[in-house]
> 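Next up is a structure, given as structure tokens.
Read the numbers this way: they start at 1 and go in the same order the structure lists the ligands and their atoms. On a predicted model such as this, the values are computed, not experimentally measured, just so you know.
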Amino acid sequence: MRIVIIGGEAAGMSAAAKARRLAKDAEIVVYEASEVISFGACGLPYFVGDDFQDPGFMAEFSVEQFAAKGIEVKTGHRVSALDPNSQTITVEHNGDSFSDHYDRLMIATGAREAMPPIPGLQQQGVFGLRRMADGLALKAAVRDGRKQKAVVIGSGFIGLEVVEALVHQGKEVRLIELAERVIPDAFDSEITQHLETELREQGVSLHLGERVEALLGEGGVTGVRTNQGVYEADIVVVCTGVRPNTEFLAETGIKRLVNGAIEVDRQGRSSLPNVWSAGDCASVWHSVKQQQVYVPLATIANKLGRMVGENLAGAELEFPGTLGSAALKVLGLEAGRTGLSEKEAQQMGIDYRTVVIKDKCHTNYCSGQSDIHVKLVYEATSKRLLGGQILGRKGAVHRIDALAVAITMGVTTEQLGMLDFAYAPPFSRTWDVLNVAGNVAK
Ligand SMILES: Cc1cc2nc3c(=O)[nH]c(=O)nc-3n(C[C@H](O)[C@H](O)[C@H](O)COP(=O)(O)OP(=O)(O)OC[C@H]3O[C@@H](n4cnc5c(N)ncnc54)[C@H](O)[C@@H]3O)c2cc1C
């Protein structure tokens, strides 16, 4: 059996490693367009912010290590077409092309930055942040002491992490966001208002409800023009979302979501025979929404990648579902979210209620006591938890994992109020903030 995998990062390499262990006699070939494999892009903002210096820390395994396990990885090989009838792909390499046959195929081509349709993007000093090369280029620019004015466009997870990195590097940072608040798709306003205060207090110029119309400069960026003003800039980082790398499948008839992500079932199977997919190029089952959604996260790419690896080897595993659990650090604050936000519950037409509380992270006589904010979203009649958001200072974000378990197990707000969370004065209060939130919910 010949297993072919397109894309050699989180999803693709997780699948290859798992399939290798289970399908002992199969040939396994991975085609990767870039020269880097097994790369964790999540480290990029921290690399740029000088949390660590060696970019090699972000690439877990080499081509040689996979070869030693019996997985053939071909870097610099871009797959440009797929013929589902003959079960062949077309591969481009060094100006030549050839075709290859598969018995089972996994598409793990991930996503790339969705650049906004504005002039001036193709200039020196304008960056995206996705690949290793992007991180190296941005870090080199940041190190150039002559470049002091930075503009970040877009305030999603990556945009906010980049802002933090640039603040750590002593830059004058301006964040421009089209929506009326930061990171609006992941968090509700009761949480984002604190993130906005933190950004402003740490010296970030925050522009909300403002549309970037052009990047200025003649070869090297000098500024940003919006619908409200012109701002000087010598570094611009564009963080306006991602787009699945699935254009090469346009002629295949493969079923895709509106944004182009491959629609898969809970086993990771696409609508084409013998073709699976996972990661940032594919949909994922949402366990509260009970539908296929698009959530481009490393947690999902790794889990689904491994599961598809088993299925490529003959298993029929089903993914239990994502909650879209995610965490974020913005300067001195941490925020976590899981399940449905209020905005999502509204969009789904659910009869829901919410509770928002502010408490202290631990007992007052232990040092470092600070505020912690919790928002719960729950079903109005059954009181079953649907979603949660948390914001606070160091350590606060880990409580989101307890909420993820609670939502998965169908816990109600009453049960949360009495859940047996651990207590000692440096860690929490006798009634943990999650107990309090559960008890306050009506
Ligand atoms: C800056 C940044 C920070 C992040 N932080 C977090 C975080 O904190 N937590 C979290 O959960 N997630 C985070 N993510 C998201 C996470 O990195 C992605 O979800 C994950 O990388 C997806 O893995 P993937 O294998 O699906 O796709 P990718 O990592 O995109 O890899 C796909 C690979 O396929 C290759 N490819 C594409 N097209 C072709 C083709 N036609 N032929 C051959 N090869 C092809 C590409 O070159 C690429 O190497 C972050 C992402 C970024 C960019």
Side-chain angles (χ1 to χ4, degrees), residues 4-16 29-49 58-60 73-82 89-93 97 100 105-114 127-135 138 152 154 156-165 186 237-250 260-262 268 277-284 294-306 308-309 322 324-329 334-337 397:
V4 173
I5 296 173
I6 315 175
E9 306 293 0
M13 296 321 299
S14 300
V29 183
V30 180
Y31 289 109
E32 164 55 49
S34 76
E35 297 301 331
V36 181
I37 60 158
S38 212
F39 169 65
C42 313
L44 284 172
Y46 304 96
F47 174 65
V48 172
M58 292 181 284
E60 225 174 320
V73 184
K74 292 175 175 289
T75 58
H77 286 67
R78 174 174 295 280
V79 174
S80 56
L82 160 63
I89 54 171
T90 307
V91 186
E92 315 288 334
H93 175 59
S97 76
D100 192 4
L105 177 73
M106 177 195 192
I107 304 170
T109 48
R112 64 182 184 283
E113 301 96 333
F127 303 90
L129 195 61
R130 179 83 203 174
R131 315 250 70 96
M132 177 82 95
D134 301 329
L138 179 56
V152 177
F157 283 95
I158 297 172
L160 290 172
E161 289 176 353
V162 169
V163 165
E164 175 178 286
V237 192
V238 185
C239 305
T240 46
V242 296
R243 174 165 303 153
N245 290 321
T246 57
E247 288 81 358
F248 73 105
L249 302 167
I262 298 164
S277 182
D280 283 11
C281 63
S283 68
V284 60
Y294 185 65
V295 185
L297 286 174
T299 45
I300 295 169
N302 278 279
K303 291 189 184 96
L304 270 291
R306 193 175 85 160
V308 166
T322 182
S325 304
L328 171 72
K329 180 171 168 298
E334 300 179 354
R337 55 97 60 221
V397 84

> Could you tell me if Ser38 and Glu60 have a donor-acceptor pair between their side chains, going purely by distance under 3.5 Å?
no
> To which protein heavy atom is atom 7 (C) of ligand 1 closest, and what is the distance rounded to 0.1 Å?
Cys42 SG, 3.6 Å
> Of the protein's non-hydrogen atoms, which lies at the shortest distance from atom 35 (C) of ligand 1, and what is that distance?
Glu32 OE1, 3.3 Å
> Would you mind checking which non-hydrogen protein atom is closest to atom 10 (C) of ligand 1, with the distance to 0.1 Å?
Ala298 N, 3.4 Å
> Using a 4.0 Å cutoff against the non-hydrogen atoms of Asp280, which atoms of ligand 1 qualify?
18 (C), 19 (O), 20 (C), 22 (C), 26 (O)
> Please report which non-hydrogen protein atom sits nearest to atom 29 (O) of ligand 1, along with the residue it belongs to and the distance in Å to one decimal place.
Glu9 CB, 3.5 Å
> At a 4.0 Å threshold, what atoms of ligand 1 neighbour a non-hydrogen atom of Gly279?
26 (O)
> Within ligand 1, which atoms have a heavy atom of Ala111 less than 4.0 Å away?
30 (O)
> In the protein, what heavy atom is nearest to atom 42 (N) of ligand 1, and what distance, to one decimal place, separates them?
Val79 N, 3.0 Å
> Under 4.0 Å from ligand 1, counting heavy atoms only, is it the side chain of Ala11, its backbone, both or neither?
both
> Does the pair Arg130/Glu9 count as a salt bridge with the N-to-O cut at 4.0 Å?
no
> Check the angle between the aromatic planes of Tyr31 and His77 and answer parallel, tilted or perpendicular using the 30° and 60° thresholds.
tilted
> Using the side-chain contact (heavy atoms from CB on, under 4.5 Å) rule, pick out the option among Leu129, Leu160, Val162 that qualifies with Val152.
Val162
> Going by the order shown, which atoms of ligand 1 are within less than 4.0 Å of some heavy atom of Tyr31?
43 (C), 44 (N)
> Nearest protein heavy-atom contact for atom 2 (C) of ligand 1: which residue, which atom, what distance?
Ala41 O, 3.5 Å
> Considering only non-hydrogen protein atoms, determine which one is nearest to atom 44 (N) of ligand 1 and report residue, atom name and distance to 0.1 Å.
Ala33 N, 3.0 Å
> Out of Gly135, Gly110, Ala108, whose heavy atom is nearest to atom 27 (O) of ligand 1?
Gly110
> Pick one of side chain, backbone, both or neither for how Ala326 approaches ligand 1, counting any non-hydrogen atom pair under 4.0 Å.
neither
> Tell me which part of Thr109 gets within contact of ligand 1: side chain, backbone, both or neither, using heavy atoms under 4.0 Å.
both
> Quick check on contacts: which atoms of ligand 1 are under 4.0 angstrom from a heavy atom of Ala10?
23 (O), 25 (O)
> Report yes or no: does Arg131 have a heavy atom closer than 4.0 Å to ligand 1?
yes
> Just heavy atoms, cut-off under 4.0 Å: does Ser80 contact ligand 1 by side chain, backbone, both, or neither?
neither
> Below 4.0 Å from any atom of ligand 1, is there a heavy atom belonging to His77?
yes
